[in-house]
Amino acid sequence: MSSAFRRTVRGMRDLLPEEAEKLRFIEETARKLARLYGYREVITPVVEHYGLLSAKIGEETRKRMYVFEDLGGRKVALRPEFTASVARLVATRMRSVPKPLRLFSVGSLYRYDEPQFGRYREFWQSNYELFGSSKPEADAEIVALTADLLKRINLRDYHLKMNHVGILRGILDKEGIAETQQNDVMQLLDKKRWEDALKLVQEAGGSKRCLDNVRALLDIRGKDTDEVTEEMREVAQGYPEGLEAVKNLREILSLIEKSGVESDFFLEAGFARGLEYYTGMIFEIFVPGMDIALGGGGRYDKLIELFGGGIVPAVGVAPGIDRLSLALDKQETVPQKTGEERVLVIPVDDDMVVEAFGISSFLRKKGLCTEIEAMGRSVSRALSDADRRGITHAVIVGPREMRQGKVVLREMEKRRQETVSLEELHEKIGRNNGQQINTG
Ligand code: HAM
């Protein structure tokens, strides 16, 4: 075997149990939240037509897609996000489903990004999309749900960076700058190449007034949402679409603030997202000490129409599971699990193996996580291994006790043991360990 095969492909990772547990903890929390807010899960394929995935993904992500021809000669790609697939469903098989329609997805995605901290070629997202409403309530719900998820996983000190693409697009539209050129400007802003963006506006035929206004817009940012939206409004004077966008952003923020969402906001008028389909409010999640977004979303009212599904306004968000996990690590937050017992059943000799098997399956039926000593080790060696692996209870099965329908139950941490009857075994284990334990 070539030594190259002993490593994963560049950018791909093996997740060992501890890492996998952390990802699954976030995934489970995200799934619970979906149920709580009425989002039903859809499972879409990892492989889709290239044309679908690339339609409005934006230049940057488009060139990072894993694209290949399948054996049937179709040009296909691995999904770099969920939104296009879910929008395809809403434009086709779910077209006649009454709106509002709330859909949730979770799974792996693929982008040929340059591997570095928090940037992988295979990564996980939880994804929430709300279809059918153009009202600010829908945008506010998506933002509130995001903040709720962050709170439930115990992320601290996060803020949501926010903007509305309609403000800049309103200004550029009035100057007659084509949508494709506007998209290029947005891509440059996404990469924080402000001067190049301004140069492009000029090259696209933007007037001096337009340039001055865009430049002024790029300087507007801050935490005080009233103050910042007022500055945005001043710059958008004379651009009806831009003014409408500022008004919409204000309505969304006011709803969020009044409904008591616990999050800090940072408005930035020059903030853009790499994906091209956004038409309204956009936002991303950040924490101090990490300059990569932990999640992002926004309103996209034209994608379903582009896929032939009629006019269906939409708004959504995709929190990145890997990056949330990294942020929790950085903040040294250990996911909490409530009272999970882990039992090891140890037969004292070969004659007791059948009994030990029976007891294991009985305990599993009672909902207890149970392993059996499968290496034929002595009781003392099995116990020291159990200690190392975080087993909470050992059940020692010996002939003397079994003759009376009993076993020895050992509480590993307290190093205490007693002889208990088989009938009361599962209750004893459950009762002894009802407190919270760390999984990390
Ligand atoms: P996105 O900003 O491209 O948005 O990705 C959302 C999140 O996925 C990012 O904030 C990040 O946490 C995670 N992510 C992206 N690329 C990588 C990577 N290479 N490695 C690790 N994590 C990564 C979307 O995908 C949109 N579909 C979100 C959306 C849903 N908008 C509306 N609805």
Side-chain angles (χ1 to χ4, degrees), residues 10-13 15 23 26 30 34 39 42 44 48 52-66 78-90 101-131 138-139 141-143 145-146 149-150 153 155 158 160-161 165 186-187 190-191 271-287 290-304 312-328:
R10 185 165 151 77
M12 300 287 165
R13 294 161 298 156
L15 298 176
L23 288 197
I26 298 172
Y39 286 71
V42 284
T44 57
E48 292 264 20
L52 174 98
L53 297 175
S54 64
K56 280 278 171 188
I57 189 85
E59 188 52 25
E60 192 59 27
T61 313
R62 190 178 299 125
K63 58 181 197 224
R64 296 183 186 281
M65 275 162 61
Y66 279 87
L78 301 186
R79 61 184 181 196
E81 59 146 7
F82 286 111
T83 307
S85 302
V86 182
R88 168 180 58 70
L89 268 186
V90 174
L101 179 57
R102 293 179 170 88
L103 298 176
F104 167 73
S105 303
V106 63
S108 59
L109 303 155
Y110 303 85
R111 297 184 191 177
Y112 201 77
D113 278 326
E114 194 48 35
Q116 53 194 284
F117 176 76
R119 206 174 284 283
Y120 312 112
R121 292 182 176 168
E122 180 183 50
F123 60 95
W124 276 259
Q125 282 183 353
S126 59
N127 186 84
Y128 305 81
E129 311 284 3
L130 169 45
F131 296 97
D139 304 71
E141 173 173 313
I142 287 291
V143 174
L145 172 156
T146 305
L149 174 67
L150 304 180
I153 61 169
L155 189 75
Y158 60 87
L160 301 182
K161 183 155 97 175
V165 299
M186 297 286 188
Q187 293 278 330
D190 178 43
K191 290 192 214 130
F271 158 53
R273 302 230 324 119
L275 303 161
E276 253 165 32
Y277 44 64
Y278 293 113
T279 56
M281 176 276 298
I282 52 169
F283 70 106
E284 280 179 352
I285 310 163
F286 285 96
V287 284
M290 269 173 85
D291 63 354
I292 43 175
L294 309 186
R299 172 166 289 283
Y300 55 102
D301 285 346
K302 298 196 179 135
L303 196 60
I304 314 295
V312 181
V315 55
V317 64
I321 296 179
D322 314 72
R323 290 191 189 170
L324 286 174
S325 179
L326 282 175
L328 290 182

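This one's a predicted model, so the numbers in the text were calculated from it and none came from an experiment. Residue indices begin at 1 and follow the sequence shown. Atoms within each ligand, like the ligands themselves, are counted from 1 in listed order.
Annotation: ligand 1 has protein neighbours E81, T83, R111, D113, G118, R119, Y120, F123, Q125, N127, E129, R273, L275, Y277, Y278, A293, L294, G295, G296, G297, G298, Y300, G316, V317, A318, G320, R323, each with a heavy atom less than 4.0 angstrom from the ligand.
Looking at L109, D113, D322 one by one, the single match for side chain to side chain contact (heavy atoms under 4.5 Å, CB included) with Y120 turns out to be D322.
Atoms CG and CZ, on L326 and F117 in that order, are 4.5 Å from each other to the nearest 0.5 Å.
Residue pairs satisfying the side chain to side chain donor-acceptor pair (under 3.5 Å) criterion with at least one member in residues 273-283, sequence neighbours excluded, are listed as follows: E81-Y277, T83-Y277, R273-Y278, R273-E284. Among residue pairs with one or both ends in residues 119-128, those qualifying as salt bridge (charged side-chain N to carboxylate O under 4.0 Å, His left out) are E114-R121; sequence neighbours excluded.
Take A327 and apply the side chain to side chain contact (heavy atoms under 4.5 Å, CB included) test, not counting sequence neighbours, and it matches L155, V287, M290, L294.
Closest of all the heavy-atom pairs between G316 and F283 is O-CE2, 4.4 Å.
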